[in-house]
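Data first, discussion second: the structure below is written as structure tokens.
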2 protein chains.
Amino acid sequence: MPDVKHFDADETLAAVELLFWRQGVTATGIQDIVSATRLSRSSLYNAFGSKEELYTAALERYLDRRSRPMFDRLASDDRGLPAIADFFDRLIRLRCSGRHAQWGCLISNAHTERPADSTRLLLDQHHAGLRAAFTAALEVAQGKGELRHGLDQAGAAETLTLLAYGVNLRSRSGARPEDLKAGIGTCLQALAAPSGRRKSTL
Amino acid sequence: MPDVKHFDADETLAAVELLFWRQGVTATGIQDIVSATRLSRSSLYNAFGSKEELYTAALERYLDRRSRPMFDRLASDDRGLPAIADFFDRLIRLRCSGRHAQWGCLISNAHTERPADSTRLLLDQHHAGLRAAFTAALEVAQGKGELRHGLDQAGAAETLTLLAYGVNLRSRSGARPEDLKAGIGTCLQALAAPSGRRKSTL
DNA sequence: CTTATCTTGGATTGGTCGTTCCAAGATAAG
DNA sequence: CTTATCTTGGAACGACCAATCCAAGATAAG
């Protein structure tokens with residue numbers, strides 16, 4: 001008896017995700033969403049509830065479809081330090097060029113836009129996921145003897161995580177990718193064992 | 001002939017600065033400002049122009065009265081690496097406890113809230129100022145032989161700057177100060193010369 | 001005191017916000 | 001085809017937005 005939905009919910013959510021990512025929550029009105037998705041307000045509210053729910057849904061989608069794949073790739077990359085360097089290379093390229101240049105990271109942006117809300121869980125999930133991926137990569141690097149003697153791995157994972165957030169933040173305001181790369185590169189060199197016979201190209 | 005102002009402009013700006021800092025620009029309405037300053041809309045617009053000008057004025061005030069003193073203290077601290085460690089200690093304490101706990105940094109927050117606007121100059125000034133302070137401190141540390149052999153100082157300054165932004169961002173969402181301290185401490189240890197005879201307490 | 005000029009408070013502007021409501025259209029089981 | 005139930009579009013809601021306007025109050029030079 002009932003009618004079926006006349007649109008693809010995930011396709012809609014993808015469009016909404018882009019809006020929130022680029023413009024932020026508060027700067028994005030329902031009218032913007034209506035225009036971008038070509039849906040009516042009724043369908044929107046019927047399918048997703050309130051704007052706040054729409055926002056958290058977009059955050060979840062971003063975490064699942066954008067962040068998590070990056071984390072997984074890093075965590076399962078068995079190259080050690082080069083894997084970490086590669087992660088940052090991709091990150092910086094993603095943040096400074098292409099379709100999403102200077103958009104920052106939707107989750108990082110949420111830190112500023114939605115403090116102490118229901119989004120906190122998502123933000124902590126993001127942080128924990130990224131940190132875990134770094135931890136895994138550092139573990140591999142440790143096994144290969146690439147790390148500086150006596151390095152605190154947990155601390156190093158936190159360091160790299162903070163650096164990633166720094167990249168996300170600064171890139172949104174048009175930081176030069178060379179500067180970001182220099183900052184990352186120097187830190188990775190510092191974490192690495194004194195370059196005896198290893199290649200200096202991290 | 002003319003009448004004089006019946007209120008202290010800087011005192012007003014200080015109150016506005018706090019509002020924007022805690023709540024963000026978009027979440028702060030003119031009504032909030034009227035209530036907090038106990039001024040009328042007329043006086044406000046007459047003295048500062050638009051909300052946007054009020055915001056940039058608040059940013060400038062923050063940069064002058066909050067950020068710059070921290071930068072100057074760091075730049076003129078001749079202790080080397082301990083000066084840098086002390087800077088981060090103060091920063092983390094400021095961000096995680098006291099009256100402004102979990103407010104983040106007004107300038108860092110502006111990265112997310114106002115992209116590609118007239119604020120860009122302010123944001124770049126902030127970045128340059130912080131980076132210059134780190135550079136000065138690293139120079140001293142270098143002179144004392146505290147730094148790892150062959151360390152790129154410019155790169156290290158950028159690293160530390162990115163870390164500071166990471167602290168600012170994560171602290172706004174309630175990051176644990178111990179985690180932040182661990183991340184910073186490990187990085188500073190990595191930048192330091194292999195601890196031969198030096199104290200391990202950075 | 002007069003008077004020109006500024007400041008101040010409060011009402012008000014047009015616009016946009018997120019959300020709700022309702023009638024019309026679409027759907028598929030019976 | 002009938003009919004119950006969903007979806008859809010568009011109008012409408014009150015609340016709030018930034019900003020303006022104007023009359024009343026304050027000020028200080030002449």
Side-chain angles (χ1 to χ4, degrees), chain A residues 1-59 106 109-110 112-119, chain B residues 1-59 106 109-110 112-119:
Chain A
M1 294 182 188
D3 197 355
V4 297
K5 278 208 167 52
H6 297 183
F7 64 95
D8 182 359
D10 186 69
E11 192 175 300
T12 300
L13 203 53
V16 173
E17 173 195 24
L18 291 182
L19 280 180
F20 284 145
W21 187 4
R22 186 181 52 198
Q23 312 177 2
V25 212
T26 44
T28 301
I30 297 290
Q31 184 54 50
D32 296 328
I33 299 176
V34 167
S35 302
T37 61
R38 280 125 113 74
L39 259 86
S40 72
R41 291 167 145 72
S42 307
S43 308
L44 232 37
Y45 278 91
N46 177 43
F48 299 100
S50 66
K51 183 189 180 185
E52 199 67 30
E53 296 174 76
L54 202 46
Y55 180 57
T56 50
L59 282 182
L106 179 59
N109 297 347
T112 311
E113 289 215 291
R114 283 278 179 277
D117 266 52
S118 61
T119 63
Chain B
M1 294 183 187
D3 196 356
V4 296
K5 279 208 167 51
H6 297 182
F7 64 94
D8 182 1
D10 186 69
E11 193 175 301
T12 299
L13 203 54
V16 173
E17 174 195 24
L18 291 181
L19 280 179
F20 283 146
W21 188 3
R22 186 181 52 197
Q23 312 177 1
V25 213
T26 44
T28 300
I30 298 290
Q31 183 54 48
D32 296 328
I33 299 177
V34 167
S35 304
T37 61
R38 282 126 114 71
L39 260 89
S40 72
R41 291 168 146 74
S42 306
S43 309
L44 232 36
Y45 277 92
N46 177 43
F48 299 101
S50 66
K51 183 189 179 184
E52 199 66 30
E53 295 175 76
L54 202 46
Y55 179 58
T56 50
L59 281 182
L106 179 60
N109 297 348
T112 311
E113 291 215 291
R114 282 277 179 276
D117 266 51
S118 60
T119 63

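Quick note on labels: first sequence line is chain A, next is B, and so on, each numbered from 1.
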(request) Starting at atom CD1 of Ile30(A), determine the distance to atom P of dC17(C), rounded to an integer number of angstrom. (result) 9 Å
(request) Whole angstrom is fine here: how far is it from CD1 in Ile33(A) over to C1' in dT19(C)? (result) 13 Å
(request) Rounded to the nearest angstrom, tell me the gap between atom CD in Glu52(B) and atom C1' in dA19(D). (result) 14 Å
(request) Among the candidates dA18(D), dT8(C), dG9(D), find the nucleotide nearest to the side-chain atoms of Ser40(A). (result) dG9(D)
(request) To the nearest Å, give me how far apart CZ (Arg38(A)) and C1' (dG10(D)) are. (result) 17 Å
(request) Report the base-pairing partner of dA15(D) (Watson-Crick or G-U wobble, both distances below 3.5 angstrom), or none. (result) dT16(C)
(request) From the options dT7(C), dA19(D), dT7(D), select the nucleotide whose nearest atom is closest to the side chain of Asn46(B). (result) dT7(C)
(message) Let's test this: given Watson-Crick or G-U wobble pairing with both distances under 3.5 Å, identify the partner of dA11(C).
(response) dT20(D)
(message) With a 3.5 Å distance limit and no angle check, can you tell me whether Glu113(B) reaches the backbone of Val25(B) through a side-chain donor-acceptor pair?
(response) yes
(request) Specify the separation, in whole Å, of atom CZ of Phe7(A) and atom C1' of dT27(C). (result) 16 Å
(message) Quick check for you: to the nearest 0.5 Å, what is the distance between Leu59(A) atom CG and Phe20(A) atom CZ?
(response) 8.5 Å
(request) Please work out if Thr26(B) contacts a base, only the sugar-phosphate, or nothing of the nucleic acid, heavy-atom cut-off 4.0 Å. (result) nothing
(request) State the pairing partner of dT27(C); accept Watson-Crick or G-U wobble contacts with both distances under 3.5 Å, and report none otherwise. (result) dA4(D)
(message) Using whole Å, what does the distance between atom P of nucleotide dT7(C) and atom CZ of Phe48(B) come to?
(response) 12 Å
(request) Among dT8(C), dT7(D), dA11(C), find the nucleotide with the atom closest to the side chain of Arg41(B). (result) dA11(C)
(message) Rounded to whole Å, please give me the gap between NZ in Lys5(B) and P in dT5(C).
(response) 17 Å
(message) Heavy-atom nearest nucleotide on DNA chain D for Gln31(B) versus His6(B): which residue maps closer to 5'?
(response) Gln31(B)
(request) For dT8(C), take OP1 and OP2 only and decide whether either is under 4.0 Å from a side-chain N or O of Ser42(B). (result) no
(message) Looking only at the side chain of Ser43(A) (C-beta and beyond, no hydrogens), which of the listed nucleotides dT8(C), dG9(D), dC17(D) gets closest?
(response) dG9(D)
(message) What is the distance, to the nearest angstrom, from the CG atom on Leu44(B) to the P atom on dG9(C)?
(response) 11 Å
(request) Side chain of Tyr45(A) only, please: which of dA19(D), dC17(C), dG18(C) is the nearest? (result) dG18(C)
(request) To the nearest 0.5 Å, tell me how far Leu44(B) CG sits from Ile30(B) CD1. (result) 6.5 Å
(message) Which is more 5' along DNA chain D, the nucleotide nearest Leu39(A) or the one nearest Val25(B)? Just name the residue.
(response) Leu39(A)
(request) Would you check if there is a donor-acceptor pair between the side chains of Ser35(A) and Gln31(A) at a distance under 3.5 Å? (result) yes
(request) Give, for atom CG of Asn109(B) and atom CD of Gln23(B), the distance between the pair rounded to the nearest 0.5 Å. (result) 12.0 Å
